[in-house]
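Read the structure below first, then the notes.
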Number of protein chains: 2
Amino acid sequence: MSTQRGPEATRERLLQAAANLFAERGFHGTTARDIAGRGAVNLAAGHYHFGSKKDLYLEVLRAEFSKVRRELSRRRVIRPPAELDRLSRPQLMKLLLTRTEVMMAMLIGPPPSLHSTLMQREMCDPSEALPVIVAEFIQPMMEELEQILQRLAPGIGAEVVESCAFSMVGQALFYRFTMPAWLHIKRRTSYPRDLARTVAAHITEFSLGGLERLAHQHGRQGAK
Amino acid sequence: MSTQRGPEATRERLLQAAANLFAERGFHGTTARDIAGRGAVNLAAGHYHFGSKKDLYLEVLRAEFSKVRRELSRRRVIRPPAELDRLSRPQLMKLLLTRTEVMMAMLIGPPPSLHSTLMQREMCDPSEALPVIVAEFIQPMMEELEQILQRLAPGIGAEVVESCAFSMVGQALFYRFTMPAWLHIKRRTSYPRDLARTVAAHITEFSLGGLERLAHQHGRQGAK
DNA sequence: GCACGTATGAAACATTTGTTTTAAACATTT
DNA sequence: AAATGTTTAAAACAAATGTTTCATACGTGC
């Protein structure tokens, strides 16, 4: 498979190799020769198929986050809002847990996903691909998350709901963005196999508590 | 000041220029000539004073996080544990808010601090400086945070306390690590001036709710 | 089978990169 | 003031980098 022939296959191998290397070492840390080597293609192939290293990078991100979008749809993370209205409170809580588990699985795996690593790098050095990441990954996750939270705490305003969604995403991203520090503190070389599930459970409970407190606080403020 | 003479001043200007550029563009994105240019020193000065680009980078991180440690002490973020025992519950909650405000101020400013940007980059490409960052910045913050949380929810175990501390730090780091996406979504070019305080207040309330819920859950589990 | 647009391979090119060299300027001591 | 060790300056170096060139192989239409 990795040695398949044909122009289509070459392009695909290039994208694959470039995606892995850009994730591993970043844009500046990856050389055109590295990519050609790992993809087992000629050095000139990159420029022939994509024009430049920068364009290859952008194409990698577009391809990768197009995959993510499809994956989110496949896992039914993006649902029609009306569907949520039919759920009871325990069902909503269960859904919130499931959603968080999906998010954690995408963030830290195992193995850690390529696109979350690429996203992390884009947050250090934003490029023209940032809008793609926001539109294909961040916004969809945020939107349904906010809908769930809104229904779990009907009293509170949209701004507070958004802050709570940020709080949840922040807790999840923590394990992706600070992995090296976490591993160093825990003297490990990789995350425990079931960390994604464990952490998802914690985040969900923690956030339900936070949401409840803010609902009360907001309710009191709104009442007086 | 930037044109001061003498070997000491040259070294200092080099460190300063290098710190800013490494934060702005990362290690691979910064060239020795960039640094020499911004520091208004000769190209060879870097190698004379530090040996190599890599060594200069490590020295920058050591210097920067040594500053951070001093700043944390100055702000009395690190307190003797016994001091906490004398505080009432409202005082502890107030302290938690203050601590979170300090953390947010260090993370997103304004302006965003150099060291938090350098830390973010180390999480993408860990180097030999990672242990320094953990020891001088992350561990001190985590430890006192855990102590406060432990006293706010005396019933729960150390592992849960640690997870809650991660949850709080994660919420705070979110605004540092995803700043480009946040700004893109909100169509802004910089964070609102008072975001640090606003967010700190939200995180504190949200987390108090989360802590409370976990305390109840854990209490019930421990009881049965 | 042959021509023609497409894709690949090997080499070369022009810059840029981190680093080194060498000499001059400076400061400090004797 | 001479000598000595330290710091700065300018130029050069070798290696690496993104990109281009050009010849060759490939596939697909007539």
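Chain letters run A, B, ... following the sequence lines, proteins first and then strands; every chain starts at 1. Values in this document were obtained by computation on a predicted structure and should not be read as measured data.
For residues 183-193 of chain A, the salt bridge (Lys or Arg N to Asp or Glu O under 4.0 Å) pairs, not counting sequence neighbours, are A:Lys186-B:Glu162. Every pair tested for salt bridge (Lys or Arg N to Asp or Glu O under 4.0 Å) that includes a residue from residues 131-141 of chain B fails, sequence neighbours excluded, so the list is empty. Sorted pairs that involve residues 172-185 of chain A and meet salt bridge (Lys or Arg N to Asp or Glu O under 4.0 Å), not counting sequence neighbours, are lacking altogether. Among residue pairs with one or both ends in residues 50-59 of chain B, those qualifying as salt bridge (Lys or Arg N to Asp or Glu O under 4.0 Å) are B:Glu59-B:Arg62; sequence neighbours excluded.
In this structure, B:Asn42 atom CG and D:dT8 atom C1' are separated by 6 Å, rounded to whole Å. Here the P atom of nucleotide C:dT8 and the CD atom of A:Glu8 are 10 Å apart, to the nearest Å. Rounded to a whole Å, the CG atom of A:Leu14 is 14 Å from the P atom of D:dG18. In this structure, B:Leu43 places its CG atom 10 Å from P of C:dT19, rounding to the nearest Å. Going from atom OH of B:Tyr48 over to atom P of D:dT8 covers 7 Å, rounded to whole Å.
B:Thr10 has no side-chain polar atom (N or O) that falls below the 4.0 Å cut-off from OP1 or OP2 of D:dT7. Regarding contacts with the backbone of C:dT8, a side-chain N or O of A:His49 is found under 4.0 angstrom from either OP1 or OP2. Listed pair B:His47 / C:dT21 fails the phosphate criterion, with no side-chain N or O lying under 4.0 Å from OP1 or OP2.
Within a heavy-atom distance below 4.0 Å of DNA chain D, the residues of residues 16-37 of chain B found are B:Arg33. DNA chain D is contacted by A:Ser52, A:Lys53 of residues 50-60 of chain A, taking any non-hydrogen atom closer than 4.0 Å.
Partners of B:His184 by side chain to side chain contact (heavy atoms under 4.5 Å, CB included), not counting sequence neighbours, listed by chain and number: A:Leu130, A:Pro131, A:Val134. Residues forming a side chain to side chain contact (heavy atoms under 4.5 Å, CB included) with B:Asp125 (at least two apart in sequence, or on another chain): A:Arg121. For B:Ala196, the side chain to side chain contact (heavy atoms under 4.5 Å, CB included) partners two or more places apart in sequence, or in a different chain, are B:Met104, B:Ile108. Every residue was checked against the side-chain hydrogen bond (donor to acceptor under 3.5 Å, both in side chains) condition with B:Arg197, not counting sequence neighbours, and none meets it.
A salt bridge does not link A:Lys67 to A:Glu71: none of the charged side-chain nitrogens sits closer than 4.0 Å to a carboxylate oxygen.
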Let me have the donor-acceptor pairs involving side chains of residues 18-30 of chain A, under 3.5 Å, with sequence neighbours excluded, atom names and distances please.
| residue | atom | partner | partner atom | Å |
| --- | --- | --- | --- | --- |
| A:Asn20 | ND2 | A:Gln16 | O | 2.9 |
| A:Glu24 | OE1 | A:Arg38 | NH2 | 3.4 |
| A:Glu24 | OE2 | A:Arg38 | NH1 | 2.8 |
| A:Arg25 | NH1 | A:Asp34 | OD2 | 3.1 |
| A:Thr30 | OG1 | A:Leu21 | O | 3.1 |
| A:Thr30 | OG1 | A:Gly26 | O | 2.7 |

Reading DNA chain C 5' to 3', how would its secondary structure be written in dot-bracket notation, given Watson-Crick and G-U pairs with both distances under 3.5 Å, brackets [ ] for crossing pairs and | for partners on other strands? ||||||||||||||||||||||||||||||

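Side-chain atoms of B:Thr117 come within 3.5 Å of backbone N or O of B:Ser113 as a donor-acceptor pair.
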